[in-house]
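Notes to accompany the following structure.
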Amino acid sequence: GAVVSQHPSWVICKSGTSVKIECRSLDFQATTMFWYRQFPKQSLMLMATSNEGSKATYEQGVEKDKFLINHASLTLSTLTVTSAHPEDSSFYICSARDLIGLAENYNEQFFGPGTRLTVL
Amino acid sequence: GEDVEQSLFLSVREGDSSVINCTYTDSSSTYLYWYKQEPGAGLQLLTYIFSNMDMKQDQRLTVLLNKKDKHLSLRIADTQTGDSAIYFCAETGSSYKLIFGSGTRLLVRP
């Protein structure tokens, strides 16, 4: 149980295009999903918190018009990197929180395998 | 603000114990976590400890928490080559957000 998937696992795009990354909770309902960014050999930086049916909450310094987040259902959140540029190249990881049953503690987050974005 | 720090690198011989250390600043931390990340992959939760505990053991893993010094450690007994990875400590405080350390790269030598 508690599996989170991401699609695609990697993507290469041209500068100026938009890229959508999906995060799905496969066997539980995730009222809250998180999006992180990880640079090579660095830690995970929280970008935004996404609650089903409401607007995402962005961390300081993260451009909400650049990184569009939609959490339309209890099992799917999407991150769209708009007008991507080479500096957006990174490893994007989502996580999901299950308030109801699977987690031993209410704070536990289940992580997806990540999506590597390369912008040429 | 909240800050979590770890040493960057640890090298051990196979079969020895590994100890990875972490310090944090948020005195209101409720849960502290250890995650493992293998190359090109997401994070796997290894274990966690509630802030009112001093120690937690789970098979080869032992977590020690010194709340006074805000120091957390992860001991891996009988370290194997498959334990080579990056280990992140993380904490949640008054909010539900996970604050991660910089990660410790563990290299296990045969």
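Predicted model, so just to flag it, every value in this text is computed and none were measured. First the proteins, then the strands, lettered A, B, ... as listed; each starts at 1.
- Here the two rings, on A:Phe111 and B:Tyr35, have centers that are under 6.0 Å apart.
- In this structure, B:Asp54 does not pair ionically with B:Lys67, as no charged nitrogen and carboxylate oxygen lie closer than 4.0 Å.
- Using modelled atom types and a 3.5 Å distance limit, the side chains of A:Ser50 and A:His71 yield a donor-acceptor pair.
- Heavy atoms of A:Thr49 lying under 4.5 Å from chain B belong exclusively to its side chain.
- Looking at A:Met45 and A:Phe39, their side chains never come closer than 4.5 Å, going by heavy atoms from C-beta outward.
- Heavy-atom distances place the side chain of B:Gln37, and not its backbone, under 4.5 Å from chain A.
- Side-chain atoms of A:Gln109 and A:Phe34, non-hydrogen and from C-beta on, do get closer than 4.5 Å to each other.
- Contacts between B:Phe88 and chain A at a heavy-atom distance below 4.5 Å involve the side chain alone, from C-beta outward.
- Of the atoms belonging to A:Gln38, it is side-chain heavy atoms, and not backbone ones, that fall under 4.5 Å from chain B.
- Heavy atoms closer than 4.5 Å to chain B are found in both the backbone and the side chain of A:Leu44.
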